[in-house]
Amino acid sequence: VQGDDVTERSWLIYGASGYTGTLIAEEAHRQGLRPILAGRSEARVRPVAERLGLDWRIAELREPQSLRRAITDVGAVLHCAGPFVDTSKPMIDACLDAGAHYLDITGEIPVFEDAYAQDAAARQRGIVLMPGVGFDVVPTDCLARHLAELLPDAWSLEIAIAALGQASPGTTKSAARGLLRGGLVRRGGRLESYPVGRGVRKVHFDDKERLVMPIPWGDLASAWRSTRIPNITTYAAMPSATIAGMSRFGWMANAFLPLLRPLIERTPLQGAVDTWIERRIHGPDAQAREIGSAHIWACVTNQRGESRQACLQTLEGYRFTALSAVAATLQVLAGQWSGALAPAQAFGADFVLSIAGSTRRDLPIDAPSPS
Ligand SMILES: NC(=O)c1ccc[n+]([C@@H]2O[C@H](COP(=O)([O-])OP(=O)(O)OC[C@H]3O[C@@H](n4cnc5c(N)ncnc54)[C@H](OP(=O)(O)O)[C@@H]3O)[C@@H](O)[C@H]2O)c1
């Protein structure tokens, strides 16, 4: 730590050679920040670091001593190496050991749940564990918190996301792992399975109406933490043909996913799927990131049937992630928090409005209730 200037504090981006890790490193560099870039492969990390003129380190997640050494002198680790169901545990353990804050860009429910379960350990160590500082879940978490403040006795929360555009390789791998776990909602404070293809409806976003279907976003974990609203459903907008197919054939997914899961999860077949994804999925290019945007709608309702709704528009998801991940890391470095926290729980509902391109609009109180 050099002086009081948070921009001078030392932090490290692990997974800096990936699609999103590189975008975040480039954004930090653009802001004049000097994170240390890290990952498991010198051949992949070093060229990014040399191009940006940043320091770099190599450490394997499966080697606790080398990982501990790599982060021993940093204030925070921004973990970008996913799927995080495979990678978050060793990094959280190393951060607890070294006394470095941990942030990541996951959207994976088990990763949020595991991090939140370490709240007491993080408090004791005086560090923050903050999963989900990218597009998953900063905008949705902030919108959920905003609505919960407008209706403090809300008992149900619905969030729908229309994030148009291509996915990156890591997002596709993480989504494939999530697909195997089937549908989920939160009811009475607990995660419950929910049939794939059920619950399709229309939602009026700030630009237009779209068909949405329940999909288990990370908010099923993070919004429960930041709002304590016990009933949460998260939806994704999809093309009507996709939704029609899922509605018709969802029963097959519900029947076969539990059988397929042990055959694929952490087996050579999963490795083959990952390789297939790496060869074919490259993520949105600079132009797609520049012109893209994302739309979010959310609604809270209390037991008397009163509701509040709001919409949020943001930059394209990967561009947003680069900005929000850097902003969240600087906030944590500058702050006095400890424990396992959702982004809006620490930074407040308006944090999203500090990210360029984000606009929020409350719908009138008498707006038609969602169908
Ligand atoms: N929250 C959000 O909105 C948001 C936005 C973007 C991405 N993400 C998530 O971020 C993750 C990364 O996505 P991406 O598209 O950037 O992926 P990617 O291009 O495939 O890059 C993955 C990175 O993780 C590293 N990695 C993977 N497994 C590792 C392991 N076992 N040990 C060490 N390093 C490992 C890779 O290292 P090598 O180069 O050595 O293979 C690479 O640097 C995904 O889980 C994705 O869902 C979330």
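The structure displayed is predicted, hence computed values, not measured ones. First listed ligand is number 1; within each ligand, the first listed atom is number 1.
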Note: [X]-[Y] ion pair, threshold 4.0 Å (strictly below):
X	Y	answer
Arg186	Asp219	no
Glu27	Arg319	no
Arg201	Glu158	yes
Asp97	Arg125	no

Check: Glu60 side chain, Glu63 main-chain N or O, donor-acceptor pair, under 3.5 Å: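 Flag not set: sc Glu60 to bb Glu63 has no pair under 3.5 Å.
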
Close-range residues for ligand 1, whose non-hydrogen atoms fall below the 4.0 Å threshold: Tyr14, Gly15, Ser17, Gly18, Tyr19, Thr20, Arg40, Ser41, Arg44, Leu61, Cys80, Ala81, Gly82, Pro83, Phe84, Thr87, Ile105, Thr106, Glu108, Gly134, Phe135, Asp136, Ser168, Pro169, Gly170, Thr171, Ser174, Tyr318, Thr321

Parallel, tilted or perpendicular: ring planes of Phe320 versus Phe135, cut at 30 and 60 degrees: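 Perpendicular.
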
